[in-house]
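The next block holds one structure in the form of C-alpha cells; read it before the comments.
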Amino acid sequence: MKCIITDDEPLARELLENYIADVPNLELVASCTDGIDTIAALKENEVDILFLDIKMPKISGIDLIKTLEYPPIIILTTAYPDYALDGYELDVTDYLLKPFSFTRFLKAVQKAETRLSSGNEETKTLVFRSDKKSYPVETDDIVLIESIGDYVIIHTHTQKITTHETLKSLEEKLPIQRFMRIHKSWIIALPDIDFIEGNMISIKELKIPIGKTYKKSVMERLGGIS
C-alpha cells in the first residue's frame, strides 16, 4: 500500500518513516511538511493511505481533507484528542494520538488494509448532532432516513435521531451498495426490506411509498415491482 506522511514536525515524520519501513506491505512515496505539498504529492502519485497531522501551517489537516474530492484512506496523527469527532464526520479510518506505539500503528494499518480490500462496502461511521449532543452511528445500523422540512430523522435498529441536514447531503455520504433513495422524502437500507407490494416498500412495519420519479430506478435495482 502506497503511503504519504504529512506532518510539520521532523521527529514525527521520522517516526512514521521508520514505522512504515518496518512493514513489508507499505511503501512511502512522499513525506510532506504541509498541506500544499501534500496536494501536489497526491496529484503525482497513486496513494492508498495518507498519515495526516491536524495542526499544521498554511492549512490544517481537517481543512485539507475537505479539499480532496477523492481522498485516500486517512489516518489522522495528532497530539490533540479534541478532534476525534471531526475525524468521524470526515470518515477517517483511524485516529492515532501522539505518542503512539508501533503496535498501535499496526492496528491502524490493518484497519486501512481491511477497508481497501472491501472497497465501498466498508461500514462507515457517521456523526449526527441532535440536542447539543453528537451521535456516532454505523451505516449498517441505519434502516431508514426520513426528510421533514429542514430536518431528517435517522431510523436505526434501536433509536431515532433528528438532525438538521438535507437528504441529498446524506445520500452522498452513504454506501451506494446498501442504500437507495426511493422518494423525495425517504432513503432506505436495501437489506432491511421486508417485502414490496405495489408502490409500497415495507421495512420494520413501516410502509414507505415509492415516488414516481424514482420508480424506474427502484425497479431496475430490485428486479421489478408489480
Side-chain angles (χ1 to χ4, degrees), residues 1 42 46-50 52 62 65-76 84-95 107-130 134-148 151-196 201-204 206 208-211 213-225:
M1 295 181 288
L42 287 168
E46 291 186 6
V47 178
D48 298 305
I49 305 173
L50 172 59
L52 181 63
I62 297 297
I65 297 172
K66 293 176 181 178
T67 69
L68 302 177
E69 186 175 2
Y70 301 106
I73 296 291
I74 305 288
I75 296 176
L76 290 177
L85 278 176
D86 295 295
Y88 272 122
E89 290 179 332
L90 293 168
D91 194 29
V92 304
T93 296
D94 210 343
Y95 187 97
K107 184 177 179 180
V109 170
Q110 288 166 358
K111 283 186 180 181
E113 190 171 19
T114 298
R115 185 160 188 173
L116 283 169
S117 64
S118 59
N120 290 330
E121 294 178 6
E122 173 76 7
T123 297
K124 294 182 178 181
T125 300
L126 302 179
V127 177
F128 301 105
R129 299 188 186 277
S130 180
S134 296
Y135 296 86
V137 177
E138 290 191 353
T139 52
D140 279 358
D141 194 34
I142 298 173
V143 178
L144 298 164
I145 303 175
E146 176 185 4
S147 174
I148 300 178
Y151 292 84
V152 295
I153 301 175
I154 314 298
H155 298 248
T156 75
H157 289 103
T158 58
Q159 64 182 328
K160 295 180 183 179
I161 302 168
T162 301
T163 186
H164 184 67
E165 193 159 354
T166 66
L167 211 61
K168 179 176 174 56
S169 66
L170 271 178
E171 188 177 12
E172 294 171 353
K173 299 175 185 177
L174 295 167
I176 192 172
Q177 291 89 346
R178 182 177 179 84
F179 293 92
M180 185 176 190
R181 189 165 182 174
I182 65 165
H183 188 277
K184 66 179 182 180
S185 301
W186 291 93
I187 292 175
I188 65 168
L190 298 177
D192 289 295
I193 293 175
D194 295 320
F195 60 85
I196 302 165
I201 292 179
S202 177
I203 296 182
K204 307 302 179 189
L206 290 175
I208 313 300
I210 301 170
T213 58
Y214 297 91
K215 185 171 183 179
K216 182 179 179 182
S217 60
V218 171
M219 289 178 66
E220 291 173 350
R221 183 114 182 233
L222 300 180
I225 298 174

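Counting begins at 1 with the first residue of the sequence.
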Looking only at non-hydrogen atoms, find the nearest pair between V152 and S147 and report the distance. CG1-CA, 4.2 Å
Which residue, D194, I188, L144, I201, forms the side chain to side chain contact (heavy atoms under 4.5 Å, CB included) with L206? L144
Show the nearest heavy-atom pair for residues S134 and V127, with the distance to one decimal. CB-CG1, 3.9 Å
d(Y135 OH, L126 CG) to nearest 0.5 Å is 15.5 Å
Hits for salt bridge (Lys or Arg N to Asp or Glu O under 4.0 Å) against K168, two or more places apart or cross-chain, chain-then-number order -> E172
For the backbone of V143 and the side chain of H155, can you confirm whether one donor and one acceptor N or O come within less than 3.5 Å of each other? no
Check this for me: E46, atom CD, are more than 12 non-hydrogen atoms of other residues, nucleotides or ligands nearer than 6.0 Å? no
Within-4.5 Å side-chain heavy-atom neighbours: L170 and I154: yes
Step by step, work out the side-chain contact (heavy atoms from CB on, under 4.5 Å) result for M180 and S217. CA-CA 9 Å; M180 185 176 190; S217 60; 3.7 Å; yes
Give a yes or no on whether the backbone of I153 and the side-chain of T162 come within a donor-acceptor separation of less than 3.5 Å. no
If the condition is side-chain hydrogen bond (donor to acceptor under 3.5 Å, both in side chains), which residues does T93 pass it with, not counting sequence neighbours? R115
Residues that R178 engages under salt bridge (Lys or Arg N to Asp or Glu O under 4.0 Å), provided they are two or more places apart: D140, D192
For D94, what residues pass the salt bridge (Lys or Arg N to Asp or Glu O under 4.0 Å) criterion, not counting sequence neighbours? R104, K111
Just to verify, what does T213 make a side-chain hydrogen bond (donor to acceptor under 3.5 Å, both in side chains) with, not counting sequence neighbours? none
Can you tell me how far the CD1 atom of I196 sits from the CD1 atom of I182, to the nearest 0.5 Å? 9.0 Å
Atom of V47, atom of P72 and distance for their closest heavy-atom approach: O-CB, 3.5 Å
If every non-hydrogen atom of K184 is compared with every non-hydrogen atom of R181, which pair is closest and at what distance? O-NH2, 2.7 Å
Rounded to the nearest 0.5 Å, how far apart are OH of Y95 and CG of L76? 7.0 Å
Heavy-atom distance under 4.5 Å between the side chains of P71 and L50, does that happen here? no
Let me confirm one number: the CD1-OG1 distance from I62 to T67, rounded to the nearest 0.5 Å. 11.5 Å
For S185 and L167 the tightest heavy-atom approach is C-CD2, 3.6 Å
Within the 4.5 Å heavy-atom criterion, are K204 and H157 side-chain neighbours or not? yes
Calculate, to the nearest 0.5 Å, the distance between atoms OG1 and OH belonging to T166 and Y151 respectively. 13.5 Å
Nearest non-hydrogen partners of A189 and I203, listed with the distance: O-CD1, 4.2 Å
First locate atom NZ of K215, then atom NE2 of H183, and finally report the distance between them rounded to the nearest 0.5 Å. 13.0 Å
List the residues meeting salt bridge (Lys or Arg N to Asp or Glu O under 4.0 Å) with E146, not counting sequence neighbours, and say none if there are none. none
Would I145 and L174 count as a side-chain contact (heavy atoms from CB on, under 4.5 Å) here? Give the steps. CA-CA 11 Å; I145 303 175; L174 295 167; 3.6 Å; yes
